There are 2 protein chains.
Amino acid sequence: MRGLVKVFKALSDESRLRVLNLILERECCVCEVMQALEISQSKASRILSTLHDVGFLKLHKDGLWSLYSVDSDGMDAYLKEILTATRTALRNNRQMETDRERLKTAIRTGPGCVNRNAKVSVRRLSTSRKPMETTDES
Amino acid sequence: MRGLVKVFKALSDESRLRVLNLILERECCVCEVMQALEISQSKASRILSTLHDVGFLKLHKDGLWSLYSVDSDGMDAYLKEILTATRTALRNNRQMETDRERLKTAIRTGPGCVNRNAKVSVRRLSTSRKPMETTDES
DNA sequence: TGCATAAATGCAGGTTTATGCATATATGCT
DNA sequence: AGCATATATGCATAAACCTGCATTTATGCA
């Protein structure tokens, strides 16, 4: 019961749905998610860990990267059913399409992909810290 | 999109799931729900209205009673799919079973069924105001 | 018209949640 | 060892949420 509530809570947030939509497309690392959705690194990380917690995603660490993907095998039957329903709900949605589109251009490495760290405490200005823009209906 | 988020939010609460479980069994009025789940009248009313808002329930007013039932006809396809998934998730759950059981003994009328109103401001003591007891896992 | 019953709602409070910022941790490379 | 990169996390704060209490609204009946 409590588990089910947690699952629905995980799905009851726009950003988390957008992330799930991405991972449904293909395996992603944190920095790809943050790029595709233009959200902060900490936000991307937390969202992925939330979706992992409730059992939708599996995590495969590869060197520096945390690779998240849909855990089709380990998922309980009822989780699978909920995920399928969610997928259909996301299918014909403008926002979700453009997110998937943007994912194609996301890169796994490169200068300034993730956080310019504290060490270099000057020049904290251009690193994608926009508040999220509002979106349309489903 | 926003609509989908609202749907999942509606499902991300134990009490609301319990109410939905009841209505999946059969049409209910507010006072039956509050009896079966031992929750306050205002809580029952609000929960039902939430589930109605997102499109799971339809409301049929009959005299004093507000009768809520699953809106199998008016529901969008994606909503139906989500509801089906939820139903399976609720199926084999102790709490949900006993709730359905208690629903059988709920009555639609009788002394003290709902709120003893302000007029009679003495004797506000015995009218089922327990906080909800904790429950088990799914 | 007056009273009783069923449901809905305004308000207040306490709790939970989402998120940015700063920092910590983990890994790899030279 | 030292530095760079990728991810995770503690803390603080603002917003959202849940719920009880009191009251209002709506309906039916005598």
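Proteins get letters first, then strands, A, B, ... in listed order; numbering begins at 1 in each. The shown structure was predicted, so the numbers you read here are calculated from the model rather than taken from an experiment.
- A:W65 places its CH2 atom 9 Å from the C1' atom of C:dG28, with the value rounded to the nearest Å.
- When each of A:K9 and A:L67 is assigned the nucleotide of DNA chain D with its nearest heavy atom, A:L67 is the one assigned upstream, toward the 5' end.
- The residue B:S66 sits close only to the backbone: its heavy atoms come under 4.0 Å of sugar-phosphate atoms, none of a base.
- Nearest to the side chain of A:L64, among C:dA26, C:dT19, D:dG20, sits C:dA26.
- Here the P atom of nucleotide D:dA16 and the CG atom of A:D13 are 12 Å apart, to the nearest Å.
- Rounding to the nearest 0.5 Å places CG of A:L24 at 9.0 Å from OG of A:S72.
- What separates CD1 of B:I47 from P of D:dC18 is a distance of 9 Å, to the nearest Å.
- Spacing between atom CD of A:E38 and atom C1' of C:dG20 amounts to 17 Å, rounded to whole angstrom units.
- For C:dA18, the paired nucleotide is D:dT13, the pair qualifying as Watson-Crick or G-U wobble because both relevant distances are below 3.5 Å.
- In this structure, A:E14 atom CD and D:dA15 atom C1' are separated by 16 Å, rounded to whole Å.
- One interatomic measurement links the two molecules: CG of B:L37 to P of D:dT19, which rounds to 12 Å at whole-angstrom precision.
- Of the candidates D:dT9, D:dA26, C:dA7, the closest approach to any side-chain atom of B:C31 belongs to C:dA7.
- A straight line from CG of A:L48 to C1' of C:dA18 spans 15 Å, rounded to a whole angstrom.
- Where A:K61 and B:R46 each meet DNA chain C at their nearest nucleotide, the meeting point lying more 5' is that of B:R46.
- One finds a side-chain N or O of A:S45 lying less than 4.0 angstrom from the OP1 or OP2 phosphate oxygen of D:dA8.
- When each of A:I82, A:T88, A:T86 is tested with B:E81 by the rule side chain to side chain contact (heavy atoms under 4.5 Å, CB included), just one qualifies, namely A:T88.
- With rounding to whole Å, B:D53 atom CG is found 13 Å from D:dC18 atom P.
- Between the side chain of A:S12 and the backbone N or O of A:K9 there is at least one donor-acceptor pair closer than 3.5 Å.
- A:Q95 and A:D99 share a donor-acceptor pair across their side chains, judged by distance under 3.5 Å alone.
- Searching all strands for a Watson-Crick or G-U wobble partner of D:dA1 with both distances below 3.5 Å returns C:dT30.
- The phosphate of C:dA6 has neither OP1 nor OP2 within less than 4.0 Å of any side-chain N or O from B:Y68.
- Residue B:Q41 places a side-chain atom within donor-acceptor reach of the base of C:dA8, judged by atom type and a 3.5 Å distance cut-off alone.
- Side-chain N/O atoms of B:S42 include none lying less than 4.0 angstrom from OP1 or OP2 on D:dT19.
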If you apply the rule salt bridge (charged side-chain N to carboxylate O under 4.0 Å, His left out), what do you find for A:R26 with A:E32, and how did you get there? CA-CA 11 Å; A:R26 69 162 168 83; A:E32 287 171 318; 3.4 Å; yes
